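Chain identifiers are assigned alphabetically (A, B, ...) following the order of the sequence lines, protein sequences preceding nucleic acid strands; residue numbering begins at 1 within each chain. Computed from a prediction, not measured in an experiment: that's the story for all the values here.
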2 protein chains.
Amino acid sequence: MSDTPIRLLKGTLDVLILRTLGWGPAHGYAISRWIRQSSGDDLQIEEGALYPALRRLEEKGWVASRWETSESGRDARVYVLTEVGRRAMRSEVAAWQRYVAVFARVLDARPRGSIA
Amino acid sequence: MSDTPIRLLKGTLDVLILRTLGWGPAHGYAISRWIRQSSGDDLQIEEGALYPALRRLEEKGWVASRWETSESGRDARVYVLTEVGRRAMRSEVAAWQRYVAVFARVLDARPRGSIA
DNA sequence: GCGCATACATAAGACAGTTATGTATGACGC
DNA sequence: GCGTCATACATAACTGTCTTATGTATGCGC
């Protein structure tokens, strides 16, 4: 879709991960792939952002992880949303939508007269 | 509108300032007040974020500033959008809207089958 | 065997917020 | 005149989350 990859705004990655894990357990690489694909290749999640983010979410108790070996014999750390995490996902998505709405208010507002 | 003030996402303040200055020259305090009011009191711009941001924008050549004394006798540094700044405003607003759209794609995407 | 996609991890650095603090003046009530 | 509030600017210290760079290792196809 895009020419230059979009840079993530700081603080916006967690909600993407939570939403992704809301569809079911996944390992890091699969989360990254899903975000990239579902964004139409506009968002590329760097590993340096992804893995620390997953750690943070685990420390908060929003996700849990376990090592698993796939049928093909590859090891991967699989993440699952906890119950708390599922609630957090809903509230984080709502918070994002509020943020977008507030921004729209400011960007669409028209002053009567001068600002200053 | 809200109980707890919304925390600004890093990297999102500049476009608010640019959009505000797009309505005409204003000093820092007035910019802050306009953003707060037009957001319905949801966004409170901290001085510690505002003034460094205005410096950055000036260094980029997107705004210019001059000291002025109002009729009431108060000094204030008044900022104006440059021509480059006006183009930047449009492109930054568009970039924000693209970001919102990309996010919506990910948040609304539904997998067929499992992610992993 | 080689290259590529897969899979994880972490260190160093940048950047832009928050928090706290400081200065100073005008307006208003008492 | 004095206290208090809104106005107006500024900066230092801190924090968190991203980018960039680097490293390890394995499965699969050719």
Side-chain angles (χ1 to χ4, degrees), chain A residues 4-18 25-37 41 43-60 62-63 65-79 92 96 99 103 115-116, chain B residues 4-18 25-37 41 43-60 62-63 65-79 92 96 99 103 115-116:
Chain A
T4 39
I6 296 181
R7 288 170 96 88
L8 268 184
L9 289 173
K10 297 185 185 185
T12 58
L13 175 56
D14 290 10
V15 68
L16 294 181
I17 295 174
L18 291 170
H27 56 268
Y29 196 83
I31 293 170
S32 163
R33 196 185 327 112
W34 170 251
I35 294 175
R36 179 169 53 72
Q37 287 173 356
D41 275 344
L43 282 181
Q44 171 59 43
I45 308 305
E46 305 297 334
E47 288 112 313
L50 178 66
Y51 294 111
L54 286 166
R55 293 293 188 87
R56 287 198 302 272
L57 295 175
E58 192 160 20
E59 273 171 32
K60 285 197 208 175
W62 291 359
V63 307
S65 75
R66 55 174 193 279
W67 281 97
E68 273 188 15
T69 303
S70 70
E71 296 168 14
S72 58
R74 291 188 76 83
D75 285 352
R77 189 190 283 275
V78 174
Y79 293 87
E92 292 289 304
W96 167 253
Y99 198 81
F103 247 64
I115 297 294
Chain B
T4 38
I6 296 181
R7 288 171 94 88
L8 267 185
L9 288 173
K10 297 186 184 183
T12 58
L13 176 55
D14 290 9
V15 69
L16 294 181
I17 295 175
L18 292 171
H27 57 267
Y29 197 82
I31 294 171
S32 163
R33 196 186 327 111
W34 170 252
I35 294 175
R36 179 168 52 71
Q37 287 173 355
D41 276 344
L43 281 182
Q44 172 59 43
I45 307 304
E46 305 297 334
E47 289 112 314
L50 178 67
Y51 295 110
L54 286 168
R55 295 293 188 88
R56 286 198 303 271
L57 295 175
E58 193 160 19
E59 275 172 30
K60 284 197 209 176
W62 291 0
V63 307
S65 75
R66 56 176 192 277
W67 280 97
E68 273 189 16
T69 303
S70 70
E71 296 168 15
S72 59
R74 292 187 74 83
D75 286 352
R77 190 191 282 275
V78 174
Y79 293 87
E92 292 289 304
W96 166 254
Y99 199 80
F103 247 64
I115 296 293

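Atom-to-atom, CG of B:Leu57 to C1' of C:dA16 comes out at 12 Å; the value is rounded to the nearest Å. Here the P atom of nucleotide C:dG17 and the CD atom of B:Gln44 are 14 Å apart, to the nearest Å. Across the protein-nucleic acid pair, B:Leu54 atom CG and C:dA16 atom P stand 13 Å apart, rounded to whole Å. As a whole-Å value, the separation of A:Ile35 CD1 from D:dC18 P is 11 Å. The nearest whole Å value for the distance from the CD atom in A:Glu71 to the P atom in D:dC28 is 11 Å. Distance CD (B:Gln37) to C1' (D:dA6): 13 Å, rounded to an integer number of Å. For the pair B:Leu8 CG and C:dC15 P, the computed distance is 19 Å after rounding to whole Å. For the pair A:Leu9 CG and D:dG16 P, the interatomic distance rounds to 19 Å; values are reported in whole Å.
When all heavy atoms of A:Ile45 and A:Ser32 are compared, the closest pair comes out as O-OG, 3.8 Å.
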Practice item. Give the intermediate values and the outcome of side-chain contact (heavy atoms from CB on, under 4.5 Å) for residues B:Leu16 and B:Leu43. Key: CA-CA 11 Å; B:Leu16 294 181; B:Leu43 281 182; 3.8 Å; yes
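Between B:Glu92 and B:Trp62, the closest side-chain pair of non-hydrogen atoms falls below 4.5 Å. Considering only heavy atoms from C-beta on, B:Tyr51 comes within 4.5 Å of B:Leu54 through its side chain.
B:Arg56 has a side-chain polar atom (N or O) that falls below the 4.0 Å cut-off from OP1 or OP2 of C:dA16. OP1 or OP2 of C:dA14 has not a single side-chain nitrogen or oxygen of A:Arg7 nearer than 4.0 Å.
With sequence neighbours left out, the ring-ring contact (aromatic ring centres under 6.0 Å, His included) criterion links B:Tyr99 to B:Phe103. Checked against side-chain hydrogen bond (donor to acceptor under 3.5 Å, both in side chains), B:Gln37 has no partners two or more places apart in sequence or in another chain.
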Check your understanding: When every nucleotide of nucleotides 2-13 of chain C is labelled 5' to 3' by its protein contacts under 4.0 Å (heavy atoms), B for base, S for sugar-phosphate only, - for none, what sequence of letters results?
Key -> ---SBSBBB---
